[in-house]
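Encoded as structure tokens, the structure appears first; notes follow it.
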Amino acid sequence: MKSNLLLFFAICLSYVGSAQVYHPVALPAAVVTNGRARFTVLTDGLIRMEYASDSFFMDKASLTFLNRQLPVPAYQIRHQDGKLLIETSLLKLSYVEQSGPFSEKNLLVSYNDGVRQFSWRPGMKDKQNLKGTTRTLDGVSGKFSLMGMKKIRLDDGILSRSGWALIDDSERPLFDSSDWPWVEARKAVEQDWYFFGYGDHYKKALFDFTQVAGKISLPPKYAFGVWYSRYWAYTEAEMKDIVDGYAKNNLPLDVLVIDMDWHLTQKSSPEVFDKYTPKPNGWTGFTWEKKYFPDHKEFLGWVHEHHLQSCLNLHPAAGVQVHEAAYGAFANAMHADTVGHKPIPFDITNKTFAKNYFDVLLHPYEKEGVDFWWLDWQQWGSTNIKGVNPTFYLNYVHYSDMQRQGKRPLIFHRYGGLGNHRYQIGFSGDYMISWKGLAYQPEFTATASNVGFGFWSHDIGGHWGLNRNNKKDAELYTRWIQWGAMSPIFRTHATNDKEIERRMWMYPATNLEAMREALQLRYALLPYIYTYARMAYDSGVSLIRPMYYEYPQNDLAYHLPHQYYFGSNIIIDPIYKSMHGRETIRQKTWLPAGEWYHFQSGKRIAGDQYADEAYGLNDIPMFVKAGSIIPMQTTKQHISGSSLDTLILAIYTDGNASLDLYEDDGSTERYKEDQYSFTRFKYQRTGDHASLTVTPGTCVYAGEPASRSYTIRIMDSNKPDGISAEWSQTPERNSWRYDEQKRIVEISVPRDRIRSLMVPLAGLH
């Protein structure tokens, strides 16, 4: 008996989305005032609670919470036995009327979703918080910091097994309402709290958080490619040689990071620094080092000609010093006293300083071809405005400056605290080279999703090491590359150490081949990765997330630190132990109930158990959930300058599956104006009959391919008796093949023929 595979290609699909709009003033219908207390019902599981002895309540945006004008959820108000009662579908708040500041004696919030119930009072400690992230991993190996000789501590996150979270926003500074919103100190306020009640519904909590604290940023598409970085005094010629090395070894590359030696330093130009007493701080610099880059404009142009983006390192904390080429112009703009060649102090919370910082120092370089900045260390711990974290605020200022220029922002800096998910990508710092270090990075990255900080960029391979063997360990570097390929942002890096090598082609051929496969797999999965980056913007759920997001009621899901969900369809469990000279290493990965497919072999595996598999040097433990369609692309050398004109669809099921593939122009913020496309794929199977319906998107974004070819792979399938295909009016034969070893049926649909397609198919049982 033959079955039929029918592919329909429609014209457009409208997929409605909305850009994040920041409105700090809640709708009046959401607000309940009781004397000096005010309650704002933001969602059915989120209530803002304020107490002000002067009845002056704050309606400005804070550095964490920007948007309170949300659709008002259904709720009821009652007054009973001297208490104010506010009740949503999930929460019941009780406050003793006119009773003063909130305390355990006058305030109670109860949660009930029909399955789980609990109560909260002020002062309760959250002992089950699932944590968030921290500012930096400098000097850390595994979970242990060599700076202070203690275990690192992560900040609390939004999620907790207790089912609730309380965020105290009482002392956080505010944004004013100017055209470039600027920070201002907050006047004293007694209490400004946000209570999240969600039970086991973690994804709902994250969505609610991003509704009030801003959406997770969507980086430019090129940011998901390969970054090359190393702390080294590279010359222009050496940087070009590195780019050439990637091309010759068939390794993809998209971002070239130039560390601090792009500018004048004491080491490169002592004759400049020795002229002044005291000597300028050589870490801070804004003037190109011509000994290394004799014509930086030509070099930046060359970078773009090779479809790459450039990133320059900054350590701006020492301000603008006398040796800088722009010192005079900056001093004039600031009306600064230059007697004695005084440096102009770095003051990022001063709006005049910030404008000149960009207009005089950075924007000219950006016009010459610098794409974004790496804001490295030395931002110190405080600013001239009380409560303003300099890391957080520098992130905001750089990010919003790019927005004001009409760019899709990309900053690269350390985590600045709650709300920093709006300004990514994160730089996790100078991490130790060790197997323990490799083992902890997946857990650290997934846990950061609990505060929406889903785009960490780690020093892939590690930054520095005390163990000489680890520095040169080809197997360790290979496994780190494999984890990096399945991490949010891929960036190799290391300190200025001749024993540490980050050029993959300098390792043995077997290691190079394994690393190449990992990088090419990342680029193949870019349509999947970019789709989930957009979904993070829409939902608040990051690309990489802990297992307990999907299985919050399963205790086992909280004790699997090394494995994580990569989107909602793939589980990855990076190898973090040495093979010790053997050809393979065994590793157990927990697979939840259902059926799963090993990504590389295509083998089907029953879930609700540990998959105990042997892995060689080239293998990455990856498992795809049955019922998935995984979108992929053909091999690319660069993301920039390429389009998704050939789409590969891997169908992992003998039942039904669906996918919404996201696309936009990759470089602007027009996706916030509905200039994007979702293509819907729907695979259905009834008995021996199957169909795949493809409904393209609204065709509104710039750069959309005019035509597209498809390769459709049906995984774990028996060999069909024969396939014939028809589209338009012309029948096609021999447009399919069968991989007997991997049990894959592959059907090819040519470009410019995407109208309707009927493929009779036999043997899909």
Side-chain angles (χ1 to χ4, degrees), residues 130-138 140-145 152-159 202 206 216-217 219 223-224 226-227 229 412-416 418 420-421 423-463 479-493 518 522 525 528-529 532-533 535-536 540-550 557-568 570-576 589 620-622:
L130 294 166
K131 299 302 178 181
T133 192
T134 191
R135 184 173 187 267
T136 181
L137 291 177
D138 280 308
V140 172
S141 178
K143 299 182 181 181
F144 189 79
S145 173
I152 63 170
R153 296 182 61 182
L154 303 182
D155 299 338
D156 280 353
I158 304 300
L159 307 185
Y202 296 149
L206 292 168
I216 295 174
S217 60
F224 296 99
V226 169
W227 301 23
S229 175
F412 180 37
H413 195 197
R414 288 168 171 80
Y415 175 70
L418 203 61
N420 215 157
H421 64 282
Y423 321 122
Q424 301 187 74
I425 293 167
F427 165 51
S428 64
D430 300 345
Y431 202 55
M432 285 283 294
I433 303 171
S434 67
W435 284 98
K436 288 182 179 179
L438 170 59
Y440 180 56
Q441 278 192 354
E443 177 186 357
F444 176 83
T445 307
T447 304
S449 299
N450 294 344
V451 288
F453 203 73
F455 295 118
W456 272 118
S457 170
H458 302 296
D459 286 4
I460 298 302
H463 182 79
R479 294 304 190 191
W480 218 314
I481 289 289
Q482 291 172 339
W483 142 243
M486 297 296 108
S487 71
I489 303 295
F490 182 99
R491 177 185 55 86
T492 57
H493 192 64
R522 179 178 182 85
L525 286 170
Y528 179 88
I529 292 170
Y532 275 97
M535 289 184 180
V541 181
S542 299
L543 167 67
I544 286 182
R545 70 283 296 262
M547 297 294 294
Y548 50 75
Y549 279 26
E550 306 297 334
Y558 296 86
H559 302 285
L560 300 164
H562 301 114
Q563 66 181 76
Y564 55 88
Y565 266 92
F566 192 62
S568 59
I570 299 174
I571 289 175
I572 298 179
D573 187 14
I575 293 173
Y576 55 93
T589 303
I620 304 174
M622 295 175 58

### Summary
In short, A533 meets F224 closest at the heavy-atom pair CB-CZ, 3.6 Å
### Message
I want to check something: taking the side chain as every heavy atom from C-beta on, are K436 and F144 in contact at a cut-off of under 4.5 Å?
### Response
no
### Test log, rule side chain to side chain donor-acceptor pair (under 3.5 Å), inputs S487 and H458
CA-CA 9 Å; S487 71; H458 302 296; over 6 Å; no
### Message
Assess the residue pair W227 and F412 against the criterion (ring pair (Phe, Tyr, Trp, His ring centres under 6.0 Å)); give the C-alpha distance rounded to whole Å, side-chain angles, the decisive distance to 0.1 Å, and a yes or no.
### Response
CA-CA 12 Å; W227 301 23; F412 180 37; 5.3 Å; yes
### Query
Below 4.5 Å, heavy atoms only, C-beta onward: do P574 and I620 meet side chain to side chain?
no
### Task
Quick one: do M622 and L525 satisfy side chain to side chain contact (heavy atoms under 4.5 Å, CB included)? Show the steps, please.
CA-CA 13 Å; M622 295 175 58; L525 286 170; 4.1 Å; yes
### Query
Can you check side chain to side chain contact (heavy atoms under 4.5 Å, CB included) on M547 and I571, steps first, answer last?
CA-CA 9 Å; M547 297 294 294; I571 289 175; 3.6 Å; yes
#### Entry: Check: Q424 side chain, F455 main-chain N or O, donor-acceptor pair, under 3.5 Å
yes
#### Entry: Spatial distance of atom CG (D156) from atom OG1 (T133) [nearest 0.5 Å]
12.5 Å
### Query
Given side chains that start at C-beta, do those of N450 and Y548 come closer than 4.5 Å, heavy atoms only?
yes
### Task
Determine whether the side chains of R491 and S457 contain a donor N or O and an acceptor N or O closer than 3.5 Å.
yes
### Query
Going by an N to O cut-off under 4.0 Å, is there a salt bridge joining R135 and D155?
no
### Task
Answer with yes or no whether the side chains of W480 and T492 bring together a donor and an acceptor at under 3.5 Å.
no
### Query
Under 3.5 Å, side chain of Y549 to main-chain N/O of S449, donor-acceptor pair present?
yes
### CD1-NE2 distance between I572 and H562, expressed to the nearest 0.5 angstrom
15.0 Å
### Task
Can you measure from CG (L543) to CE (M486) and round to the nearest 0.5 angstrom?
9.5 Å
### Message
What verdict does the side chain to side chain contact (heavy atoms under 4.5 Å, CB included) test give for D138 and R414, after you've listed the backbone C-alpha separation in whole Å, the side-chain angles of each residue and the deciding distance to 0.1 Å?
### Response
CA-CA 10 Å; D138 280 308; R414 288 168 171 80; 3.0 Å; yes
### Task
For side chain to side chain contact (heavy atoms under 4.5 Å, CB included), just list the numbers for T447 and L130, CA-CA rounded to whole Å, side-chain angles, deciding distance to a tenth of an Å, and then say yes or no.
CA-CA 8 Å; T447 304; L130 294 166; over 6 Å; no
### Query
Between CG of L154 and NZ of K131, what distance do you get to the nearest 0.5 Å?
7.5 Å
### Task
Specify whether W456 and Y415 have parallel, tilted or perpendicular ring planes, treating 30° as the upper limit for parallel and 60° as the lower limit for perpendicular.
tilted
### Query
In terms of side-chain heavy atoms, does S141 have a donor or acceptor partner in Y431 at a distance below 3.5 Å?
no
### Query
Can you tell me how far CG of N420 sits from NE2 of H413, rounded to the nearest 0.5 angstrom?
9.0 Å
### Query
Taking the side chain as C-beta and beyond, is there a heavy-atom pair between I529 and F566 under 4.5 Å?
yes
### Query
Does a donor on one side chain sit under 3.5 Å from an acceptor on the other, for S217 and H421?
no
### Query
Under 4.5 Å between any side-chain heavy atoms of S428 and D459, yes or no?
no
### Query
Between Y576 and L438, which heavy-atom pair has the shortest distance, and what is it?
CA-CD2, 4.0 Å
### Query
How many angstroms lie between OH in Y440 and OG1 in T445, if you round to the nearest 0.5 Å?
9.0 Å
### Summary
Of all heavy-atom pairs linking I216 and V541, the shortest is CD1-N, 4.4 Å
### Task
Could you point out which residue of Y564, Y202, Y565 forms a side chain to side chain contact (heavy atoms under 4.5 Å, CB included) with R545?
Y565
## Note on the structure
In short, I152 meets S145 closest at the heavy-atom pair CG2-CB, 3.8 Å
### Message
Testing the basics here: between A518 and I481, what is the closest heavy-atom pair and its distance to 0.1 Å?
### Response
CB-CG2, 4.3 Å
### Query
Considering only heavy atoms from C-beta outward, does the side chain of H493 approach that of I460 to under 4.5 Å?
no
#### Entry: Nearest non-hydrogen partners of G540 and L206, listed with the distance
O-CB, 3.5 Å
